[in-house]
S.K.: 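Before anything else, here's the structure in question.
Read the numbers this way: they start at 1 and go in the same order the structure lists the ligands and their atoms. Throughout, residue positions are numbered sequentially from 1 according to the sequence presented.
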Amino acid sequence: VSVVLGPAWADTSGKPQTVLNPLRVQNHVTRMAAAFVPGVIATTTLARYYGLHPWLATVAVDRGLDRDGYLDLVRRCEVALAWISAQHTDHVVDLPIAHGQEQLPRFTSGGVLDLQAASRPLAYVQNPSGFFGSTYGNSEMELGLLTADWAPGPRFSDRARVAVGSGLGALLDLARNTTLTENAGKEAAAAGLCVCAAREGEEGSWLRDLLWGRLGGERWAPLDDARRSTATLLTRVISHSATPVTDPVAAMRDALVYSGPLEQVPAAAGLEIAAAWRGLLLRHRAVTAWRQLWMEVVEECVGITATEVAQRIAERFDDVSVADFIDALRTADGDRLLPAEETVSEEAPGVVGCVAVLAAVSQRVGQLDGVALDVLCGDDEAELGPRWMAAQLKAGRDYRLREWVAQRVTHLLERSQRVGLEKFRLDEHHRGIIPVQVRERDGLWRKVNETGSAPLNLRLRPLADVLAGCGILDHRNGIWSVTALGTELVAEP
Ligand SMILES: [Zn+2]
């Protein structure tokens, strides 16, 4: 077994590699978001697809199709839906574009889509099972809409079949064609076949029951309860906001973290999950700071020693003591949490802001209690959590800040190597693979792979998108609001 670090690992795939979770600080946040928004993932942004795939499974049963036949039907319908949605000029709600829509120009000439070519395996999406395989399938199985072998699931009832069929029925004929013209797409869009048009009639009613967790079945009750609680919270937050909501995640953060004690936040009334979200939104802020700080460290790895890397990061900080740095943070005013995490990252972008955010979040350990504190501090020791950080800062209070930061940077470099070794695996040629972003050789550190520094997806934005897709929320001209149907739903006891 030969062992390959970084670059050769990247070479085996033929495309640039992104090392996921290189510091291993984000599993807790990912797990909690999954538990609070079950059935929705970062990429499942369009409600209509939740009905499309199980409905096509019922069609496949009727037609006696095998698995390949089902997948061919799925791909053709997904391509047709994307084409139709691309021709719609008057969307009833602002949603992300249809899945695969941006690939269709490659299969279009003179305003005519080659549907046959576009719907071949791996044509409009890098998954032979289409967006059913790449994106929605697992959620649809989790929700009981499909079985593991792609038959209609226990919660895809006759009612569901009729409801989804009433909205999407005309798609089947269009999907049979070898080609589709722009006019055909326009007509179909006007007749309600765009991704934006799933809110009407029985289809909309069924999708709202699905996403609001009202399809029933004891087996799904815990998942339905969690998703409904988060959806209720999100809908109320948007409804109660004093200013127009342009970012649902920021609105949740402002309402649940920085608006005073949760007992005084009307949107949180009677919802236990509000406290959990308070803890998660703060922990998420810390994880984002770790990711950004690490990216800056990686960029400094240009063939120099760990000490030099650490120095280059440390010298961006003022020459003050750790105590002075921490004591300058204003994180609370009585029992109201102040938005220190937001303020410091605006005032000091880059590594200084990152460390200030981590310090601010560590102070929340003494300010939260109960469920909020548990979620804030989950996997604390293993994932450099806020309680761990509070202990580091306390132990380092009398140090110079630059010296303390340099120690942390050295520690991160060592940690990244350890995490890489723990992820050791064999590739298809039986070569050992250690997925790392930076590599040390003869004491010199170099960047060998990319990583992401964007905030992790908390699934709140995709939840907002599917709630808009089924008519509970509205999203127009960049502003989020609650529909009459949504207002009725949150008013229910
Ligand atoms: Zn539309």
S.K.: Hey, is the main chain of Ala151 close enough, under 3.5 Å, to the side chain of Thr147 for a donor-acceptor pair?
M.R.: yes
S.K.: What is the ring orientation for Trp150 with Phe132, classed by angle as parallel under 30°, tilted 30 to 60°, or perpendicular over 60°?
M.R.: perpendicular
S.K.: Could you check whether the rings of His99 and Tyr49 sit parallel, tilted or perpendicular, using 30° and 60° as the cut-offs?
M.R.: perpendicular
S.K.: Looking only at N, O or S atoms in His88, which is nearest to the Zn ion (ligand 1)?
M.R.: ND1
S.K.: Checking one value in my table: which N/O/S atom of His91 lies closest to the Zn ion (ligand 1)?
M.R.: ND1
S.K.: Under 4.0 Å between a Lys/Arg side-chain N and an Asp/Glu carboxylate O for Arg75 and Asp72?
M.R.: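 A salt bridge is present here (some side-chain N lies under 4.0 Å from a carboxylate O).
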S.K.: Given the Zn ion (ligand 1) as the apex, I'd like the angle to SG of Cys194 and SG of Cys196, rounded to 10 degrees.
M.R.: 110°
